[in-house]
Amino acid sequence: MNVIIQRHGTILTIGINRPEARNAVNPETASQLVEAFNQFENDPGLTAAVLHGIGGNFCAGFDLKAIAHSTSSLNIEQDVTKGPGPMGPSRMQFSKPVIAAVSGYAVAGGLELSLLADLRVVEKSATFGVFCRRFGVPLIDGGTVRLPKLIGLSRALDLILTGRPVNSQEAYEFGLANRVVPDGQGLQCAIELAQNISSFPQKCMLADRASAYNSTFDASEFADAMQYEFDTGAKVLVEESVAGAKRFSAGEGRKGKL
């Protein structure tokens, strides 16, 4: 299997398993990634997913050897609403948190896959970059859409236009990396972060997450974003907020303790 999934309680890990190709994604791997993420999205018992690469690298992008040896790899659904992207799940939107555990190279389409995640836990020696720049391969898996939203247009263009490597520290300063951890600890730290997020009242957390994405990508104006925030938040007030207020009144969580 080019993609290996494992369940850790309510957390699903999704591992790209082509270490001999630095986890470059070929059409078969893309299809398996879509299947894995559909399983995650449709399972109510799963609260978060962790995407990672097996064997020391997150993902080196789309397997250019597949294109070089067969142009059938270029037969991609052109309507982004009707089918997966070249890298697989890149056109998907999730209702639950996804965390990327990034080690080694996360470049070209691999960078784009990391942008699918809500958060990126990055090992110290990891490298990001639009390395496909030098080979004339465009970003068609959401890189030009998500990256400017995450780190701003100026910094995104620095990566997109130059194709230069970006180390973990610079990625952290940009806001591309949310956590930088020692080498070899990325996956475990990402799982622990997913478990921590999953320990909070879920309806409230998911409502706030949905509102943040709506205001970033979907809302046409400020008032629309504010209305969406209120409408989604109001639904959980009775279901979770009253109980939470009672716990606080009883002394839980005082002095900022989680």
Side-chain angles (χ1 to χ4, degrees), residues 10-14 33-34 36-44 46-52 58 79-85 87-102 106 109-122 128 139-156 159-160 171-172 174-179 190 193-237 239-241:
T10 66
I11 311 302
L12 187 72
T13 59
I14 301 172
L33 282 170
V34 170
F37 274 107
N38 277 329
Q39 178 179 332
F40 162 66
E41 182 69 11
N42 296 325
D43 188 336
L46 293 170
T47 55
V50 174
L51 176 63
H52 67 106
F58 180 74
D79 187 334
V80 299
T81 66
K82 293 183 178 180
M87 296 292 293
S90 55
R91 296 172 178 173
M92 299 176 71
Q93 294 176 295
F94 307 109
S95 63
K96 298 176 285 189
V98 175
I99 298 172
V102 178
L111 167 63
E112 293 181 287
L113 277 185
S114 78
L115 302 179
L116 270 179
D118 300 81
L119 303 171
R120 280 150 296 281
V121 176
V122 179
F128 294 93
L139 296 171
I140 53 174
D141 281 277
T144 64
V145 178
R146 293 187 174 101
L147 190 61
K149 293 290 189 180
L150 286 174
I151 65 174
L153 179 61
S154 177
R155 285 172 167 168
L159 274 66
I160 292 168
Y172 182 74
F174 275 8
L176 180 56
N178 299 95
R179 309 280 192 279
L193 179 57
Q195 291 170 334
N196 180 53
I197 292 171
S198 298
S199 70
F200 296 128
Q202 289 297 287
K203 292 180 181 179
C204 177
M205 184 273 292
L206 293 176
D208 286 345
R209 176 185 179 276
S211 180
Y213 274 106
N214 176 74
S215 67
T216 301
F217 289 103
D218 298 325
S220 59
E221 59 184 20
F222 177 75
D224 288 341
M226 291 293 288
Q227 191 64 57
Y228 185 95
E229 180 189 62
F230 178 81
D231 291 343
T232 55
K235 295 175 183 178
V236 303
L237 285 173
E239 297 181 65
E240 290 184 343
S241 302

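All values below were derived from every heavy atom in this structure, side-chain atoms included, with hydrogens, water molecules and symmetry-related copies excluded. Since the model is a prediction, treat every value here as computed from it, not as a measurement.
- Counting heavy atoms of neighbouring residues, nucleotides and ligands inside a 6.0 Å radius, atom OH of Y172 does not exceed 12 of them.
- In terms of the ring pair (Phe, Tyr, Trp, His ring centres under 6.0 Å) criterion, F40 has no residue partners (sequence neighbours excluded).
- Atom-to-atom distance recorded for M92:CE and F37:CZ is 7.5 Å, nearest 0.5 angstrom.
- The CD1 atom of I99 sits 13.5 Å away from the CG atom of L116 when rounded to the nearest 0.5 Å.
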- Message: Applying side-chain contact (heavy atoms from CB on, under 4.5 Å) to L147 and L176, what does each step give before you reach the verdict?
- Response: CA-CA 8 Å; L147 190 61; L176 180 56; 4.2 Å; yes
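- Legend: salt bridge (charged side-chain N to carboxylate O under 4.0 Å, His left out) pairs involving residues 206-217, not counting sequence neighbours, sorted by first then second residue: D118-R209.
- In this structure, L206 and P97 approach most closely via the heavy-atom pair CD2-CD, 3.9 Å.
- Counting only heavy atoms from C-beta outward, the side chains of L111 and F58 never approach each other to under 4.5 Å.
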- Item | Test side-chain contact (heavy atoms from CB on, under 4.5 Å) applied to V122 and N178, step by step | CA-CA 8 Å; V122 179; N178 299 95; over 6 Å; no
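- In plain terms, the two heavy atoms of G143 and P148 that are nearest each other are O-CD, 3.7 Å.
- Rounding to the nearest 0.5 Å gives a distance of 8.5 Å between OG1 of T47 and CD of Q195.
- The CG atom of L153 lies 12.0 Å from the CZ atom of R155; values are rounded to the nearest 0.5 Å.
- Inter-residue side-chain proximity for E112 and S90 is flagged as unmet; no heavy-atom pair is nearer than 4.5 Å.
- Rounding to the nearest 0.5 Å places OG1 of T232 at 7.0 Å from CD of E229.
- The local environment of CZ in F217 is crowded, with over 12 non-hydrogen atoms from other residues, nucleotides or ligands closer than 6.0 Å.
- For F174, the ring pair (Phe, Tyr, Trp, His ring centres under 6.0 Å) test picks out no residue, with sequence neighbours left out.
- Put simply, the side chain of L46 reaches to within 4.5 Å of the side chain of K96, judged on heavy atoms.
- Applying the salt bridge (Lys or Arg N to Asp or Glu O under 4.0 Å) rule to K203 yields the partners E239; only residues at least two apart in sequence or on another chain are considered.
- Proximity of a side-chain donor or acceptor of Q202 to a complementary backbone N or O of I197 within less than 3.5 Å is detected.
- A side chain to side chain donor-acceptor pair (under 3.5 Å) check over residues 214-223, counting only residues at least two apart or in different chains, returns the pairs S220-D224.
- Heavy-atom minimum distance, R179 versus L193: NH2-CD1, 3.9 Å.
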- Item | L33 vs I14, side-chain contact (heavy atoms from CB on, under 4.5 Å): CA-CA, chis, key distance, verdict | CA-CA 8 Å; L33 282 170; I14 301 172; 3.9 Å; yes
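- How far CZ of R91 is from OG1 of T81: 9.0 Å, rounded to the nearest 0.5 Å.
- With sequence neighbours excluded, the residues satisfying salt bridge (Lys or Arg N to Asp or Glu O under 4.0 Å) with D43 are R7.
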